[in-house]
Amino acid sequence: KRAGTIINGLRAMLQQQDTPYADIDLSPCIEEVIELLHSELIRHGVEVERRLETNLPVRANKTQIQQVVLNLIINALEAMSEQSEGERRLRIRATRADGKASVAIRDSGTGIAEDMLDKIFEGFYTTKPQGLGVGLEVCRSIMESHHGAVWAEANPDRGATFHFTLPLAEGLPATKVPASA
């Protein structure tokens, strides 16, 4: 059902239909995607570490935000496929910084060359043999429509970290209690 909801939301976005925005808590939104991908993470032998602050309220279309998280995690899984099983680590963090919700998805995969970091968000640009080159462009479009941003960094050791930020919803109290890993 969740996968169908994400796909229908993506279809609505691509057809430029009005999409509903609501105040959502970002961390449970991310947890739902991790749960949806649970069997894939196990099948790929990926160790997941998550540190998700509670109460990160954002005004957003939940389905579209989950599409971004889903895309970034699947890309991370693919980037780690050539690593030995004990070396596949995915770190997901959601924190509050400068009036924004900030999410980082870090993998221990092959990484991205510095000169490619900007190109990967361009339409129809892909580094994958079977890739279409639209996933990251869709992520960027979703973030821009939510007044947020998305970018990538090469990790100093190996792998890459994808970041996105969204403005925090106004008027909701903040708490800083990390979710269990």
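Small disclaimer: the values here were computed from a predicted structure and weren't measured.
Between F164 and I142, every side-chain heavy-atom pair lies at or beyond the 4.5 Å cut-off. Side chains of L166 and V103 form no contact here, defined as non-hydrogen atoms less than 4.5 Å apart. Under the 4.5 Å side-chain criterion, counting only non-hydrogen atoms from C-beta, L136 is in contact with F162.
Nearest heavy-atom pair, N61 versus Y21, reported as atom, atom and distance to 0.1 Å: N-CD2, 3.8 Å. Closest of all the heavy-atom pairs between A160 and N155 is N-ND2, 3.2 Å. Nearest heavy-atom pair across Q64 and H146 is OE1-CE1, 3.1 Å. The heavy-atom pair separating C29 from I24 by the smallest distance is SG-CD1, 4.2 Å. For V46 against R89, the heavy-atom pair with the smallest separation is CG1-C, 4.5 Å. Nearest heavy-atom pair across L26 and I65 is CD1-CG2, 3.7 Å.
Judged by distance alone, the side chain of H44 and the main-chain N or O of S81 form no donor-acceptor pair under 3.5 Å. With D25 contributing its side chain and P28 its backbone, the two residues share no donor-acceptor pair below 3.5 Å. Under the 3.5 Å distance criterion, the side-chain polar atoms of R88 are left unmatched by any main-chain donor or acceptor of S108.
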**Study point:** Stepwise side chain to side chain contact (heavy atoms under 4.5 Å, CB included) check, I92 with R51
**Key:** CA-CA 6 Å; I92 303 170; R51 294 205 177 143; over 6 Å; no
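For the atom pair OG1 of T54 and CZ of R96, the computed distance is 8.5 Å after rounding to the nearest 0.5 Å. Atoms CG and CD1, from N71 and I105 in turn, are 9.5 Å apart once rounded to the nearest 0.5 Å. Put simply, NZ on K62 and CD on Q67 are 14.5 Å apart, with the number rounded to the nearest 0.5 Å. A distance of 14.0 Å separates CZ of R59 from CG of L168, quoted to the nearest 0.5 Å. To the nearest 0.5 angstrom, E78 atom CD is 12.5 Å from I73 atom CD1. How far CG of L90 is from CZ of R50: 9.5 Å, rounded to the nearest 0.5 Å.
For K100, there are no salt bridge (charged side-chain N to carboxylate O under 4.0 Å, His left out) partners two or more places apart in sequence or in a different chain. For D157, the salt bridge (charged side-chain N to carboxylate O under 4.0 Å, His left out) partners at least two apart in sequence or on another chain are R106.
One finds no salt bridge joining R93 and E53 here, because no Lys/Arg side-chain nitrogen approaches an Asp/Glu carboxylate oxygen to under 4.0 Å.
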